[in-house]
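A short worksheet on the structure shown next.
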Amino acid sequence: MTPALSSSSSSAAASQRLIRCTASLWRTHAPHRSPSMSPPPRKLKLMAEIMVKAKYAVLERDDYDDVRCEKCLSGDRDDELLLCDKCDKGFHMKCVSPIVARVPIGSWLCPKCCGQKRVRSFSQKKIIDFFRIQKCKDAESLYLSAQAIKHRRRLRSLVWQKKRRRLLSFLPSEDPDRRLKQMGSLAAALTTLQMEFSDDLTYLPGMASRSANQAELEDGGMQVLSKEDIETFELCRTMSRRGECAPLLVVFDSCEGFTVQADDQIKDMTFIAEYTGDVDYLTNREHDDCDSMMTLLSAKHPSRSLVICPDTHGNIARFINGINNHTP
């Protein structure tokens with residue numbers, strides 16, 4: 001009986017040794033892989049791409065006395081210094097492009113961290129598509145309207161006395177390349193502000209409807225244009241649709257933002273553009289600090305008064321009106 005017990009215990013020990021040996025070999029030796037089973041090489045991303053998509057946390061410092069503007073390298077005017085909530089770097093409100101007209105509410109990201117790219121130039125095709133310019137069949141017809149304007153002005157100069165001043169239509173530049181440069185400057189400014197070009201009033205859902213804009217609601221009555229002024233207005237709109245714009249350039253100023261400069265002589269009382277944008281009720285904009293609103297309808301009841309807000313749609317009138325100018 002004793003040998004039997006000894007044999008049983010020895011076989012159990014052997015099995016335990018076999019199990020331990022097998023487990024040890026499984027843990028220390030990696031399985032053999034054929035070349036076809038090798039994992040594909042990993043593609044590494046640039047740190048700049050990772051930081052753009054990475055979540056950020058608002059950092060707080062104990063001392064902000066050493067904050068300097070990354071553009072002008074100055075720490076003066078600390079009341080105008082903005083701190084980026086992602087890179088924690090300082091920027092003056094006037095040094096960023098485009099400038100920040102008022103202190104933003106909530107978090108703020110610098111142009112580099114938010115991935116904002118400023119449009120610098122537009123090709124001829126992009127300008128035509130951006131403004132939806134209607135091509136003329138005859139190239140000479142582009143200048144017929146300008147010649148007609150000059151003829152009308154010569155006739156008006158013969159009038160000995162005028163009862164009231166009339167509107168004059170703008171004279172577009174005769175050089176096509178010059179006109180493209182003018183329209184390209186406007187397209188760059190609108191694109192930077194993430195706006196769409198529109199020469200008409202826009203009515204968006206959730207805002208004032210088209211039926212709310214009624215002339216009979218104007219307190220004191222609506223001023224009516226004369227027949228000559230209506231013809232001038234329609235002529236200017238027709239020229240704009242053909243790509244014949246007023247001789248104006250939209251330029252960027254480090255202190256005032258986007259402003260407008262005359263690219264040619266423009267006479268007094270010349271019609272430039274209609275103020276366009278999104279139409280909304282005045283009551284919806286009572287607490288809006290936007291500096292680009294324009295009164296459209298002033299009704300007896302404030303709930304019916306309308307304003308034009310060029311937030312998402314507009315034309316060059318937004319920049320002529322001195323928008324984004326917060327300096328004294």
Side-chain angles (χ1 to χ4, degrees), residues 71 92-102 111 114 116-134 142 146 167-202 233 236-278 290-294 308-327:
K71 296 294 184 180
H92 280 122
M93 298 170 61
K94 298 179 181 179
C95 292
V96 293
S97 174
I99 68 172
V100 181
R102 52 190 178 274
C114 68
Q116 182 179 1
K117 295 182 180 180
R118 186 177 176 184
V119 181
R120 295 184 178 180
S121 61
F122 277 73
S123 63
Q124 179 178 358
K125 184 179 183 303
K126 288 183 178 180
I127 291 176
I128 294 176
D129 296 339
F130 187 87
F131 293 101
R132 299 182 291 276
I133 297 175
Q134 300 176 359
L142 293 173
L167 293 178
L168 302 177
S169 54
F170 60 80
L171 286 174
S173 302
E174 295 184 359
D175 185 7
D177 295 335
R178 196 171 179 180
R179 292 200 304 269
L180 286 176
K181 181 180 178 182
Q182 296 163 2
M183 290 185 291
S185 65
L186 174 59
L190 293 174
T191 305
T192 302
L193 299 182
Q194 299 180 356
M195 294 176 54
E196 295 183 11
F197 173 77
S198 176
D199 257 341
D200 300 293
L201 297 175
T202 52
F233 175 75
C236 292
R237 287 179 60 89
T238 302
M239 288 191 295
S240 298
R241 287 193 290 266
R242 290 202 302 254
E244 298 176 336
C245 58
L248 297 172
L249 283 172
V250 182
V251 297
F252 182 80
D253 185 84
S254 59
C255 294
E256 299 183 0
F258 290 106
T259 59
V260 176
Q261 293 180 355
D263 199 30
D264 204 343
Q265 296 292 330
I266 301 177
K267 293 186 177 181
D268 189 21
M269 294 296 294
T270 297
F271 178 86
I272 299 298
E274 180 185 5
Y275 201 89
T276 62
D278 305 329
C290 179
D291 59 356
S292 57
M293 288 188 295
M294 181 73 69
I308 304 174
C309 310
D311 298 331
T312 58
H313 300 82
N315 55 13
I316 198 170
R318 172 189 173 96
F319 307 107
I320 297 177
N321 195 44
I323 303 309
N324 206 17
N325 181 2
H326 69 286
T327 61

Partners passing salt bridge (charged side-chain N to carboxylate O under 4.0 Å, His left out) against D278 (at least two apart in sequence or in another chain): none
Tell me, please, which residues at least two apart from D263 pass salt bridge (charged side-chain N to carboxylate O under 4.0 Å, His left out). R178
Main-chain N/O of [Y] paired with [X] side-chain donor or acceptor, under 3.5 Å:
{"X": "D199", "Y": "N315", "value": "no"}
{"X": "T191", "Y": "A188", "value": "no"}
{"X": "R318", "Y": "L190", "value": "no"}

Tested for side chain to side chain contact (heavy atoms under 4.5 Å, CB included) against I308, the lone hit among L201, T276, T202 is L201
Heavy-atom side-chain contact between [X] and [Y] under 4.5 Å:
{"X": "I272", "Y": "V260", "answer": "no"}
{"X": "L167", "Y": "M269", "answer": "yes"}
{"X": "L248", "Y": "F319", "answer": "no"}
{"X": "D264", "Y": "L171", "answer": "no"}

How close do [X] and [Y] get, counting heavy atoms only, and between which atoms?
{"X": "A246", "Y": "Q182", "value": "O-OE1, 3.6 Å"}
{"X": "E274", "Y": "A317", "value": "O-CB, 4.0 Å"}
{"X": "R179", "Y": "S173", "value": "NH1-O, 2.7 Å"}
{"X": "C245", "Y": "F170", "value": "C-CE1, 3.6 Å"}

Whether R237 and D200 form a salt bridge (side-chain N of Lys/Arg under 4.0 Å from carboxylate O of Asp/Glu) is what I want to check. yes
Hey, mind stepping through T238 and R242 against side chain to side chain contact (heavy atoms under 4.5 Å, CB included) and telling me if it holds? CA-CA 7 Å; T238 302; R242 290 202 302 254; 3.5 Å; yes
